[in-house]
Amino acid sequence: MAQESSIITKNVWDSVKLYTVQCAKCSKWRLIPTKDKYEEIRERIVEQSFQCETAREWQPNVSCEDESDVDKHDNSLCWAMDRPSIPQTPRGWQRIIRIRAEGGTKFADIYYVAPSNQRLRSMVELDRYLSEHPKYREEGVTISQFSFQPPVPLDANYVAKRRALSASSHNMNSTYSTGAS
DNA sequence: GCCACCGGTGGC
DNA sequence: GCCACCGGTGGC
């Protein structure tokens, strides 16, 4: 069996601080308590729309009558729209989103961290890693469970020289928020 | 023209 | 020396 790679990340930080999803009925935003729950909702958002009542699972009695959980005009936060239908990360793995500094050429990097702590930056690296470590495929992990699709900044000026993005129907009604820069 | 991929390197 | 972060570019 192939030796584990020596590239081990010591500190893995996700730059996402908050996960929110928009109610399909009242359009208010609800905080999602965990990344796992957020990924579960995101994977199925097209077939199963999110509503305020869904949030009662962790926020008893919440309804469309209640105020939105977040203020999208809060300029101390950087909001980004996520893509729908990104597969849930396999158990034991992590999908990491790193928001880049403002004014650069790209908004964010996606990478996965394997249970071995190996950091994988692309489908090519992932596919190779799965081939070199057959146990994951034996457990049922497949390449189709991964996506490197990054979120899109709400502020089109966040990234330098990026053409202004019109609101895209491909975006789902959920956002990331990172802390103040 | 876009973006997936990955090489280079500044800062630790 | 290492690696998180950023930019360049090949392939579409």
Side-chain angles (χ1 to χ4, degrees), chain A residues 1-21 34-36 38-46 74-137 139-181:
Chain A
M1 179 170 191
Q3 193 183 352
E4 288 291 307
S5 165
S6 59
I7 303 171
I8 304 292
T9 57
K10 274 181 264 180
N11 300 305
V12 172
W13 298 103
D14 198 327
S15 46
V16 178
K17 306 299 181 203
L18 300 170
Y19 298 92
T20 69
V21 180
T34 66
K35 185 178 188 177
D36 277 352
Y38 176 79
E39 289 196 347
E40 183 188 321
I41 293 168
R42 180 178 60 190
E43 182 180 48
R44 307 184 191 289
I45 191 79
V46 174
D74 181 345
N75 291 327
S76 71
L77 299 173
C78 167
W79 295 100
M81 196 71 78
D82 208 357
R83 305 289 181 163
S85 307
I86 291 172
Q88 262 191 277
T89 305
R91 206 158 292 265
W93 294 66
Q94 279 182 274
R95 185 177 190 270
I96 305 297
I97 296 148
R98 295 291 310 173
I99 307 297
R100 292 190 177 192
E102 190 167 0
T105 58
K106 287 197 191 68
F107 178 61
D109 293 297
I110 309 296
Y111 63 90
Y112 284 87
V113 180
S116 66
N117 265 352
Q118 173 73 46
R119 189 176 191 263
L120 299 154
R121 301 191 293 162
S122 67
M123 282 296 188
V124 174
E125 288 184 4
L126 247 168
D127 197 48
R128 184 165 56 223
Y129 182 81
L130 291 178
S131 296
E132 289 171 354
H133 302 81
K135 64 176 177 179
Y136 296 117
R137 288 202 167 113
E139 289 168 5
V141 175
T142 69
I143 201 77
S144 67
Q145 292 176 284
F146 300 89
S147 165
F148 287 87
Q149 183 105 67
V152 178
L154 286 195
D155 175 7
N157 295 321
Y158 189 92
V159 174
K161 288 194 291 186
R162 167 193 277 276
R163 292 172 64 197
L165 288 166
S166 56
S168 165
S169 59
H170 298 299
N171 292 333
M172 72 184 270
N173 292 327
S174 67
T175 61
Y176 291 120
S177 162
T178 68
S181 59

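Predicted model, so just to flag it, every value in this text is computed and none were measured. Basis for what follows: all heavy atoms, side chains included, without hydrogens, waters or symmetry-related copies.
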- Take atom CZ of F148(A) and atom C1' of dC2(B), then tell me their distance rounded to the nearest Å. 18 Å
- Query: For F146(A), which residues count as a ring-ring contact (aromatic ring centres under 6.0 Å, His included) partner, sequence neighbours excluded?
  - Reply: W93(A), Y112(A)
- Task: Please state how far atom CZ in R98(A) lies from atom P in dA4(C), giving the value in whole angstrom units.
- Result: 9 Å
- Query: Among E39(A), Q94(A), R95(A), E43(A), which residue meets the side-chain hydrogen bond (donor to acceptor under 3.5 Å, both in side chains) test with T89(A)?
  - Reply: E39(A)
- Query: Is the Y19(A) ring parallel, tilted or perpendicular to the Y38(A) ring (thresholds 30°, 60°)?
  - Reply: tilted
- Message: Measure OH/Y111(A) against P/dA4(C) and give the value in whole Å, please.
- Response: 6 Å
- Find the distance L120(A):CG to dA4(B):C1' and express it as a whole number of Å. 15 Å
- Can you give one letter per nucleotide of nucleotides 6-12 of chain C, 5' to 3': B if a protein heavy atom sits under 4.0 Å from the base, S if only from the sugar-phosphate, - if neither? BBB----
- Euclidean distance, atom CZ of residue R83(A) to atom C1' of dC3(B) [Å, nearest integer]: 12 Å
- Query: Hey, does T105(A) have a side-chain heavy atom less than 4.5 Å from the side chain of R100(A)?
  - Reply: yes
- Name all residues meeting the side-chain hydrogen bond (donor to acceptor under 3.5 Å, both in side chains) criterion together with R137(A); count only those two or more places apart in sequence or in a different chain, and write none if there are none. D127(A), S131(A)
- Query: Between atom CD1 in I110(A) and atom C1' in dC5(C), what is the gap in whole Å?
  - Reply: 14 Å
- Note on the structure: Rounded to whole Å, CZ of F107(A) lies from P of dA4(B) at a distance of 15 Å
- Note on the structure: R119(A) CZ to dC5(C) P, in whole Å, measures 7 Å
- Please test V21(A) against I45(A) for side-chain contact (heavy atoms from CB on, under 4.5 Å), starting from the C-alpha separation and ending with a verdict. CA-CA 10 Å; V21(A) 180; I45(A) 191 79; 4.1 Å; yes
